[in-house]
Amino acid sequence: MMAGAGRRVLLVVCGGIAAYKALELARRLREHGIRVHPVLTAAGARFVTPMALQALCGERVSSDLFSLTEESEMGHIALSRSSDLIVVCPATADILARMAAGLADDLATTLLLATDTPVLAAPAMNVRMWEHPATQANIATLRARGVTFVGPENGLMACNESGPGRLAEPEAMIAAILRQLDGEKPLAGRSALVTAGPTHEPVDPVRYLANRSSGTQGYAIAAALAHAGAKVTLVSGPTTLPDPAGVTTIRVETAREMLDACQQALPCDIAICAAAVADWHVAPNSQKIKKAAGSPPPVLHLVPNPDILAGLSQPSPLRPRLVIGFAAETEHVLSHATAKRLRKGCDWIVANDVSPATGIMGGTENEISLIDATGCEHWPRLDKSQVAHKLVARIATCLRAPQTDPDPQEADERLP
Ligand code: CTP
């Protein structure tokens with residue numbers, strides 16, 4: 001049985017240019033066997049017709065608070081409680097404000113106020129409206145009351161402005177809805193290994209070589225995998241982040257310690273190497289290196305570190321079914337990342353541009369291209385936690401597919 005099948009969603013469609021995407025969402029939900037009861041606001045009806053919504057949902061559209069016919073078929077209180085989840089899509093700045101204020105001046109707001117059913121909102125609006133302190137305060141109020149959110153995503157909007165405000169992609173909305181409906185655990189029974197953060201390579205007892213990685217993306221991936229039901233081991237270099245809930249976190253310092261901890265975590269189904277592992281270590285001095293007056297500065301002799309990702313990707317009985325690497329690049333991102341995937345032998349590589357101007361390394365957002373044997377897919381700039389959930393949704397889909405043998409030609413192309 002498909003995840004979510006037989007469950008019931010109340011879909012509140014509000015008045016924004018993204019309203020037409022609610023039609024696609026309804027269609028996709030029904031493909032999952034989910035029943036969709038549509039509620040259309042007056043503004044929503046300026047963007048999509050009740051006829052179109054009804055045709056795609058297969059259920060009569062409710063829109064009028066004072067309709068005797070609708071009220072006699074199912075009162076708004078019953079309507080608000082008849083579903084397993086209420087999805088507001090698109091959630092405009094206006095409906096979010098009215099929800100936060102507790103207004104009940106139309107059917108949508110009345111049933112949102114009268115319900116104790118979980119509510120998921122998919123915001124979509126102009127970037128300035130999204131960033132306005134009033135909207136952000138409303139979001140904070142609603143979050144504190146238990147409303148969950150999917151999106152918005154970054155990108156170019158209908159108003160020709162660019163930034164956060166685009167409705168989440170249908171795939172992300174479906175994943176969020178399934179998570180809410182079934183507490184869906186698409187990775188239940190799977191085990192995953194994630195590396196994250198930088199490594200510190202000691203030079204002497206007080207100095208080390210390091211990089212700017214914060215670990216945020218790797219930690220978000222570990223949390224998203226655990227949320228999807230996987231048993232997760234996170235092997236982390238030094239970071240200031242707290243251990244993600246429900247994840248076994250092993251803290252290490254150097255690349256060689258990270259390798260040891262990863263080997264201990266095998267076998268597993270999924271390995272994701274998000275760590276920015278130092279490529280070299282120094283044969284460390286046991287005492288602090290002193291500046292001797294008049295003598296030249298010390299020369300550090302760098303020794304290559306083991307490549308953890310390449311090791312995990314090697315064909316072996318312990319090889320995880322899906323091995324995913326990251327490619328941190330500052331130029332020729334796609335060509336370098338594509339070559340890196342083949343060189344390391346991993347299944348997918350997540351390419352990102354870590355040039356300082358992007359603010360990605362050490363920041364809260366990421367803009368990635370996902371490269372596999374079939375090609376490359378560019379994702380819009382997203383919060384790192386959204387990238388993590390989207391990646392985990394993709395992993396779950398991949399692991400549901402029957403396993404295929406590795407492409408022999410690709411193995412031949414792998415460089416030593
Ligand atoms: N990686 C690893 N062990 C290393 C170096 C890198 O596991 N010793 C992994 C990283 O976690 C990442 C991928 O390899 O998943 C690519 O890392 P990146 O730093 O982009 O590339 P490098 O292999 O270090 O190559 P270069 O620095 O030349 O780009």
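Predicted model, so just to flag it, every value in this text is computed and none were measured. Each ligand, and each atom within it, is numbered from 1 in the order the structure gives.
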| request: Please could you name the atoms of ligand 1 that A327 approaches to less than 4.0 Å, counting only its heavy atoms? | output: 20 (O)
| request: Scan side-chain atoms only and decide if T254 and H200 contain a donor-acceptor pair under the 3.5 Å cut-off. | output: no
| task | Step by step, work out the side-chain contact (heavy atoms from CB on, under 4.5 Å) result for M258 and T195. | result | CA-CA 8 Å; M258 187 171 270; T195 69; 4.1 Å; yes
| field | Nearest protein heavy atom with distance in Å, relative to atom 24 (O) of ligand 1 | value | D279 OD1, 2.8 Å
| request: Considering heavy atoms of the protein only, find what lies nearest to atom 10 (C) of ligand 1 and give residue, atom and distance to 0.1 Å. | output: A275 O, 3.2 Å
| task | State whether the side chain of R145 and the backbone N or O of A100 hold a donor-acceptor pair below 3.5 Å, judged by distance alone. | result | yes
| message | Is there a polar contact, in the sense of an N or O pair closer than 3.5 Å, between E329 and ligand 1? | response | no
| request: Among all protein heavy atoms, pick out the one at the shortest distance from atom 12 (C) of ligand 1; state its residue, atom name and that distance to 0.1 Å. | output: F326 O, 3.0 Å
| field | Heavy-atom nearest neighbour in the protein, as seen from atom 3 (N) of ligand 1, with distance rounded to 0.1 Å | value | I308 N, 3.1 Å
| query | Side chains of T239 and R251: do they bring a donor and an acceptor to under 3.5 Å? | reply | yes
| task | Would you tell me which option among I272, I324, L309 has the nearest heavy-atom contact to atom 9 (C) of ligand 1? | result | L309
| In the protein, what heavy atom is nearest to atom 29 (O) of ligand 1, and what distance, to one decimal place, separates them? | K340 NZ, 2.8 Å
| Hey, is the main chain of R321 close enough, under 3.5 Å, to the side chain of D269 for a donor-acceptor pair? | no
| G325 heavy atoms, cut-off 4.0 Å: which ligand 1 atoms fall inside? | 15 (O)
| query | Any N/O of A276 closer than 3.5 Å to an N/O of ligand 1? | reply | no
| task | Report the nearest protein non-hydrogen atom to atom 8 (N) of ligand 1: residue, atom name, distance rounded to 0.1 Å. | result | P306 O, 2.9 Å
| said: If I take atom CG from residue N352 and atom CH2 from residue W379, how far apart are they, to the nearest 0.5 angstrom? | reply: 12.0 Å
| request: Let me see the working for Y219 and V247 under side-chain contact (heavy atoms from CB on, under 4.5 Å), right down to the final yes or no. | output: CA-CA 10 Å; Y219 276 56; V247 168; over 6 Å; no
| query | atom 19 (O) of ligand 1: protein heavy atom closer than 4.0 Å? | reply | no
| request: Could you find the nearest protein heavy atom to atom 6 (C) of ligand 1 and give me its residue, atom name and distance? | output: K344 NZ, 3.5 Å
| said: Pairing donors with acceptors under 3.5 angstrom, does anything connect the side chains of E367 and H378? | reply: yes
| query | Backbone N or O of A357 within a donor-acceptor pair of the S355 side chain at under 3.5 Å? | reply | no
| said: If only side-chain N and O atoms count, and only distance matters, is there a donor-acceptor pair under 3.5 Å linking T109 with D106? | reply: yes
| said: Taking 4.0 angstrom as the limit and counting only heavy atoms of A328, give me the atoms of ligand 1 inside it, by number and element. | reply: 20 (O)
| task | Indicate yes or no: does an N/O atom of C273 lie under 3.5 Å from an N/O atom of ligand 1? | result | yes
